[in-house]
Amino acid sequence: MNNKSVKKLTAFEWKVLSATLKIPLGETRTYQWVAKQIGCPKAVRAVGQALKKNPYPVIIPCHRVIKSDGSLGGYAGNHTGRKKILLNKEQNILAAMIGKS
DNA sequence: TGTCCGCGGGTGT
DNA sequence: ACACCCGCGGACA
């Protein structure tokens, strides 16, 4: 997991990224869920920060991480529903994959 | 339903 | 070492 090429990320950030990567395609998880995975269910805010600072936004499905009440969160709120669109397309892709099979 | 506080860790100063 | 920040969560009004 740890490469020397990687930026200075702390263990907790790695936990967050790893937990986020564990989220199944087309599925969504809450910050609280991720926080619990890393062993800090109260560090939900820190989780969000780690995601925001994530070095690989491409492999990190930040849009897949939402608030506990089902809201997409501030990221999407600051844009034109970026999370929602990404998630929607993601589900569309998943559906297409299933359809092709 | 709306607003406030607290939790946990990062980064900047 | 201290203070402020953050893509939240939960409690209280």
Side-chain angles (χ1 to χ4, degrees):
Chain A
M1 184 191 292
N2 291 359
N3 274 353
K4 295 174 66 176
S5 307
V6 178
K7 295 296 183 180
K8 303 294 194 305
L9 290 178
T10 55
F12 133 118
E13 289 180 305
W14 288 115
K15 294 174 198 165
V16 175
L17 301 179
S18 298
T20 305
L21 286 168
K22 289 175 178 122
I23 304 175
L25 183 65
E27 293 295 305
T28 51
R29 288 296 184 272
T30 66
Y31 291 99
Q32 199 173 54
W33 181 90
V34 177
K36 186 173 294 188
Q37 298 311 300
I38 66 178
C40 300
K42 298 178 313 219
V44 288
R45 306 191 294 189
V47 170
Q49 266 206 304
L51 275 150
K52 141 176 110 104
K53 294 165 63 72
N54 91 68
Y56 311 111
V58 183
I59 66 174
I60 307 289
C62 338
H63 54 272
R64 210 174 290 164
V65 186
I66 61 178
K67 294 184 65 172
S68 62
D69 78 311
S71 301
L72 290 173
Y75 198 107
N78 200 18
H79 295 276
T80 55
R82 180 158 149 188
K83 268 187 181 178
K84 191 167 188 255
I85 295 172
L86 286 169
L87 190 58
N88 185 25
K89 294 174 74 69
E90 183 176 87
Q91 291 177 80
N92 186 24
I93 294 170
L94 181 61
M97 290 173 69
I98 296 173
K100 282 183 64 178
S101 300

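All chains are named by letter (A, B, ...) in the order of the sequence lines, taking the proteins before the strands, and each is independently numbered beginning at 1.
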CZ of A:R29 versus C1' of C:dC8: gap in Å, rounded? 18 Å
Are the side chain of A:R64 and the backbone N or O of A:R29 linked by a donor-acceptor pair below 3.5 Å? no
Closer than 4.0 Å, any side-chain N/O of A:T10 to the OP1 or OP2 of B:dG9? no
Specify the separation, in whole Å, of atom CG of A:L51 and atom P of B:dG10. 14 Å
Any A:K53 side-chain nitrogen or oxygen under 4.0 Å from OP1 or OP2 of B:dT11: yes
If C:dG7 has a Watson-Crick or G-U wobble mate with both distances under 3.5 Å, name it; if not, just say none. none
Counting only distance, no hydrogens or angles, is the base of C:dG7 paired donor-acceptor with the side chain of A:Y31 under 3.5 Å? yes
Does a side-chain heavy-atom distance below 4.5 Å link A:Y31 with A:K67? yes
Taken to the nearest whole Å, CD/A:Q32 to C1'/C:dA11 is 13 Å
Gap between atoms CD and C1', on A:E13 and C:dC6 respectively (whole Å): 13 Å
Taking donor-acceptor contacts at under 3.5 Å, does the side chain of A:Q49 reach the base of B:dG9? yes
Any link between A:V34 and A:F12 through a network of hydrophobic side chains (Ile, Leu, Val, Met, Phe, Trp, Tyr) touching at under 4.5 Å? no
A:L17 and A:L9: CA distance, side-chain angles, deciding distance, side-chain contact (heavy atoms from CB on, under 4.5 Å) verdict: CA-CA 10 Å; A:L17 301 179; A:L9 290 178; 4.0 Å; yes
What is the distance from CD1 of A:I38 to P of B:dG10, rounded to the nearest Å? 10 Å
Provide, to the nearest angstrom, the distance between the CD1 atom belonging to A:I66 and the C1' atom belonging to C:dC8. 13 Å
Ignoring hydrogens and angles, tell me if any N or O in the side chain of A:T20 forms a donor-acceptor pair with the backbone of A:V16 under 3.5 Å. yes
Nearest whole angstrom, please: distance from the P of C:dA11 to the CG of A:D69. 14 Å
Quick check for you: among B:dG10, C:dG9, C:dC6, whose closest atom lies nearest to any side-chain atom of A:K52? C:dC6
Give the nucleotide from the list C:dG9, C:dG7, B:dG9 with an atom nearest to the side chain of A:Y75. C:dG7
Judged by each residue's nearest nucleotide on DNA chain C, which is more toward the 5′ side, A:A46 or A:S68? A:A46
